[in-house]
Amino acid sequence: MKIGVFDSGVGGRSVVNAIQKELSGTEIIYVEDHENVPYGTKSPDELLKLVLPILAELAIKSDLIVIACNTVSTTLTETLRENINIPLIAMEPMVKPAAEQTKSGTIAVCATPTTLSSNRYFWLKNNHAKNIKVIEPDCSDWAYMIESKAIDHTKIRRRISEVCERGADVIVLGCTHYHWIEDDIRVVADKFGAKVIQPEQAVIKQIKRVLLQLA
Ligand code: DGL
């Protein structure tokens with residue numbers, strides 16, 4: 001079985017590492033769109049033009065595809081599923097688990113501007129976090145910082161401190177690029193007793209389910 005993994009850039013590589021740890025024998029074909037990263041400030045139309053041809057080609061070589069990009073997953077999954085004939089596994093902000101786990105009634109979702117303005121994200125909040133306060137800190141330059149290896153650790157830690165001070169006790173990493181700064185974020189979150197969650201393990205479970213169905 002071959003698993004295609006796609007992201008705009010290095011975010012997807014952290015997902016590839018996690019999949020390889022759990023499913024060591026599986027062949028992974030990783031594709032990124034380095035020329036057009038970051039995706040997180042692009043419109044759904046711009047994204048569709050970029051992503052559809054890439055995934056159509058990746059689908060020829062793969063048995064299933066993981067869209068290791070919250071920005072693409074929250075804006076395009078439905079349209080992509082109509083056009084691509086192999087299973088697509090999407091990654092999106094873990095609003096539901098965060099809402100279930102919060103004790104303070106406040107969560108923070110760190111994600112790109114395009115994810116935060118997507119219909120799917122609104123749906124997630126409306127359906128799972130209606131009575132929860134959701135803080136969306138400005139992370140608009142984080143993916144670019146991480147991609148270009150120019151991470152401003154102080155800025156990131158300050159932003160996380162702010163959301164914790166405002167009462168967030170669960171912090172959702174809603175962009176796969178941020179998995180690379182998870183340790184940084186955890187250092188601050190730990191001081192406030194806040195949890196940090198991201199969807200790699202849930203996605204691996206889903207991959208296993210799909211692989212069983214395909215076998
Ligand atoms: N890693 C992607 C995500 O999960 C996209 C980041 C970007 O290219 O802006 O949203």
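Indexing begins at 1, ligand by ligand and atom by atom, following the structure's order.
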Per-residue contact class, [X] against ligand 1 - non-hydrogen pairs under 4.0 Å:
X: C175; value: both
X: V37; value: side chain
X: T176; value: both
X: C69; value: both

Give the atoms of ligand 1, by number and element, whose distance to some non-hydrogen atom of [X] is under 4.0 Å.
X: N70; answer: 3 (C), 4 (O), 10 (O)
X: T71; answer: 3 (C), 5 (C), 10 (O)
X: D7; answer: 1 (N), 2 (C), 5 (C)
X: A143; answer: 6 (C), 7 (C), 9 (O)
X: G40; answer: 7 (C), 8 (O), 9 (O)

L211 CG to I3 CD1 distance, which is reported to the nearest 0.5 Å: 5.0 Å
Pairwise distance NE2(H128) to CE(M94) - rounded to 0.5 angstrom: 11.5 Å
L116 reachable from I107 in the ILVMFWY side-chain graph, under 4.5 Å edges: yes
Residues S43 and E46: side-chain donor-acceptor under 3.5 angstrom: yes
Short side-chain donor-acceptor distance under 3.5 Å, T71 and T112: yes
Atom 7 (C) of ligand 1 - nearest protein heavy atom and its distance: Y39 N, 3.2 Å
R159 and E162 ion-paired at < 4.0 Å: yes
